[in-house]
Amino acid sequence: MMPVATRVVFNITTTFTEWAKVFDADRANQEAAGIKVIFRGVSEKDPSTVMAILEAEPGVLAKHMEGNPNVEASGHIIGSEEFSNWRSS
């Protein structure tokens with residue numbers, strides 16, 4: 001299977017800096033799961049909105065997020081996500 005790039009937009013309860021610290025500390029687990037971080041950033045209009053672009057095999061990202069205590073601990077509001085998948089030709 002070809003990896004897909006997934007764009008995830010979601011809300012946080014912390015500052016972006018606090019969220020990013022927890023997200024970045026989980027990088028080894030992300031890489032071990034086969035997830036490559038392409039981009040992460042905060043909205044210029046709304047500091048409680050974050051976007052991440054991640055690359056992984058289909059289903060890997062959802063499995064990694066499910067049950068990962070770091071996701072909620074980072075300030076990520078579970079259920080606020082909007083996902084879209086992108087493939088290169």
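Note: hydrogens, waters and symmetry copies are ignored here, and every other heavy atom, side chains too, is used. All values derive from a computational prediction rather than experimental measurement. Along the sequence shown, residues are numbered consecutively beginning with 1.
For the atom pair F83 CZ and R7 CZ, the distance stands at 11.5 Å (nearest 0.5 Å). Remark: N68 CG to E66 CD distance equals 10.5 Å, nearest 0.5 Å. Rounded to the nearest 0.5 angstrom, N85 CG and L61 CG are separated by 8.5 Å. A distance of 9.0 Å separates CD of E55 from OG1 of T6, quoted to the nearest 0.5 Å.
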> Do V71 and I78 pass the side chain to side chain contact (heavy atoms under 4.5 Å, CB included) test, and can you show the C-alpha distance, the side-chain angles, and the key distance before you say yes or no?
Replying inline: CA-CA 8 Å; V71 174; I78 304 298; 3.6 Å; yes

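Other residues, nucleotides and ligands place more than 12 heavy atoms under 6.0 Å from the CD atom of E57.
A donor-acceptor pair is defined here as one N or O able to donate and one able to accept, closer than 3.5 Å; such a pair exists between the side chain of E81 and the backbone of G79. One N or O on the side chain of E18 and one on the backbone of T15 form a donor-acceptor pair closer than 3.5 Å.
In this structure the side chain of V37 reaches within 4.5 angstrom of the side chain of R27, judged on heavy atoms. Using a 4.5 Å cut-off on side-chain heavy atoms (C-beta onward), D26 and H64 make contact. Under the 4.5 Å side-chain criterion, counting only non-hydrogen atoms from C-beta, M2 is in contact with S88. Counting heavy atoms from C-beta outward, K63 and V60 have side chains that stay 4.5 Å or more apart. Within the 4.5 Å cutoff, the side chain of L54 has no heavy atoms near those of the K36 side chain. The closest side-chain heavy-atom distance from H76 to F23 is not below 4.5 Å. Side-chain contact between I77 and T13 is present, with heavy atoms from C-beta onward closer than 4.5 Å.
When all heavy atoms of T14 and G75 are compared, the pair lying nearest together is CG2-CA, 3.9 Å. Of all heavy-atom pairs spanning S80 and F10, the tightest one is OG-CB, 3.5 Å. Contact between P69 and G67 at its shortest, heavy atoms only, is CD-O, 3.2 Å. P47 and I12 make their closest contact through O-CD1, 4.0 Å (heavy atoms, listed as atom of the first residue, atom of the second, distance).
D46 and T49 share a donor-acceptor pair across their side chains, judged by distance under 3.5 Å alone. Counting only N and O atoms by type, the side chains of T17 and W19 include no donor and acceptor under 3.5 Å apart.
Linking ILVMFWY side-chain heavy atoms closer than 4.5 Å, directly or via other members, places V8 and W86 in two distinct hydrophobic clusters. Under the 4.5 Å side-chain contact rule for hydrophobic residues, V50 and M65 share a cluster.
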